[in-house]
Amino acid sequence: MQRRRFLTLAGAGGALLSAPVVAQEAPTINWRMPSSFPRSLDTVWGAAEYLTKRVSDLTDGKFTIRGFSAGEIVPPLQVLDAVQNGTTECGHTAGFYYLGKEPALSFDTGVPFGLTPRQQTAWLLHGGGGALMDELYARFNALAIPCGNTGAQMGGWFRKEIKTVDDLKGLRIRTPGMLSMVYEKLGAIPQQVAGSDIYPAMEKGALDAVEFVGPYDDEKLGFAKVASYYYGPGVMELGANLCLAINRDSWAKLPPRYQEALRAASAMAADDLLAKYDANNIVALKRLVGQGVKLKSWPREVMQAMQSATKQVLDDYAAKSPQFAKVFTSWREFRADQLLWNSVNDGAAENYLMATREKGL
């Protein structure tokens, strides 16, 4: 409306108004964005670069965001702190890194035996999850926009074969968020270690196992050099949603078109990241197996124990925190419907294709 009025005025001899009006509509704004992820990963770090480029493109270079990889200006697991305090205007991170701040933030990323990327997006955008996350992040003077998902992650790298649940006891394993609580229930010793620090810890023997992402990222980080057994399927992490955490005061100062540019750029980055993982993971896995990595499937007994431990962890948190219980109830009801739908359609079709892949197309 204001732009049409300006054009009318300009046509009537109001051209002198053009410069200040345009400047007001499109001010030059520069933000900083620390990431929780290392520059060596062209997936998750690449998604941060993709996002910032799209924001600049959508605003004709008027709104720029400078990205910083893990540890450059903020420790990788303290990105939300920097956003909350206004040290930086935004940050590229994942909610489950802040289990100690608010356990329910884990649902923003994903919990064991949880939602697939499509289901997670549906819950956040159309299943009530987004409003619940807004409530949580507001307590930290932030809001969060989904900006990517890794898809189902592998079970992880282990120095020894896992044949029974007892083989997990005493293992020092790098694993984040709610996964760490599940492993603790099973007798393992979880460690919170940033992505860039995992390989040195494994090499020095400070860790016995690591769960990170999947073949494409794990290959780049060299985990095959320090562990021989690679486990799946990713029942403990069917997806991991990343977020662009934004300081609320900084957000409120943005022109509406810049806010929409951030939302649009985040959505584009999300599509690109998941597509990159889907295209590259199987290629990397073939290389790893060709190099001698022992690809293993979790024994059913181990997966059942993981599922039982997950239920205990979630129920324990819900009993202690009304806020957690509120989010958990919404998530659980949505998940139940999604599993039902999947059994009727997508999942049933995929099972048929897998069973007939040698005979079919």
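The chain is numbered in sequence order, starting from 1.
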Enquirer: Would you mind listing every side-chain hydrogen bond (donor to acceptor under 3.5 Å, both in side chains) that reaches into residues 336-352, with sequence neighbours excluded?
Expert: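 Passing the test, one end in residues 336-352: R118-D346.
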
Enquirer: Could you tell me whether E219 and R287 have a side-chain N and a carboxylate O separated by less than 4.0 Å?
Expert: yes

Enquirer: Does a salt bridge link K294 with E161, judged by any charged N lying under 4.0 Å from a carboxylate O?
Expert: no

Enquirer: Should the ring pair F63 and Y258 be called parallel, tilted or perpendicular, given that the plane angle runs from 0 to 90° and is split at 30 and 60?
Expert: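 Parallel: the ring planes of F63 and Y258 meet at under 30°.
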
Enquirer: Which distance, rounded to the nearest 0.5 Å, do you find between the SG of C243 and the CG of D108?
Expert: 5.0 Å

Enquirer: Taking the ring centre of each residue, are F324 and F107 less than 6.0 Å apart?
Expert: yes

Enquirer: Would you sort out whether K326 and E135 count as a salt bridge (Lys or Arg N to Asp or Glu O under 4.0 Å), showing the intermediate values?
Expert: CA-CA 11 Å; K326 179 181 178 181; E135 290 180 18; 3.2 Å; yes

Enquirer: Would you call the rings of F158 and W298 parallel, tilted or perpendicular, where under 30° means parallel and over 60° means perpendicular?
Expert: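 Ring orientation of F158 relative to W298: perpendicular.
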
Enquirer: If the threshold is 4.0 Å, N to carboxylate O, is there a salt bridge linking K169 and D166?
Expert: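 So K169 pairs with D166 through a salt bridge.
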
Enquirer: Using a strict threshold of under 4.0 Å (side-chain N to carboxylate O), is an ion pair present between E72 and R39?
Expert: yes

Enquirer: Using a strict 4.0 Å threshold on nitrogen-to-oxygen distance, state whether K101 and D81 make a salt bridge.
Expert: yes

Enquirer: Validate the cation-pi geometry between R332 and F334: distance from NZ or CZ to the six-membered ring centre under 6.0 Å, angle to the ring axis within 45°.
Expert: no

Enquirer: Around atom CZ of R66, are there more than 12 heavy atoms from other residues, nucleotides or ligands closer than 6.0 Å?
Expert: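 Atom CZ in R66 is not packed in, count stays at 12 or less.
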
Enquirer: So does K53 pair up with D57, basic N to acidic O under 4.0 Å?
Expert: yes

Enquirer: Please name all residues satisfying salt bridge (charged side-chain N to carboxylate O under 4.0 Å, His left out) with K62, sequence neighbours left out, ordered by chain then number.
Expert: none

Enquirer: Ion pair present between K311 and D315, side-chain N to carboxylate O less than 4.0 angstrom?
Expert: yes

Enquirer: Within this structure, what is the OG-CZ distance for the pair S69 and F37, rounded to the nearest 0.5 Å?
Expert: 12.0 Å

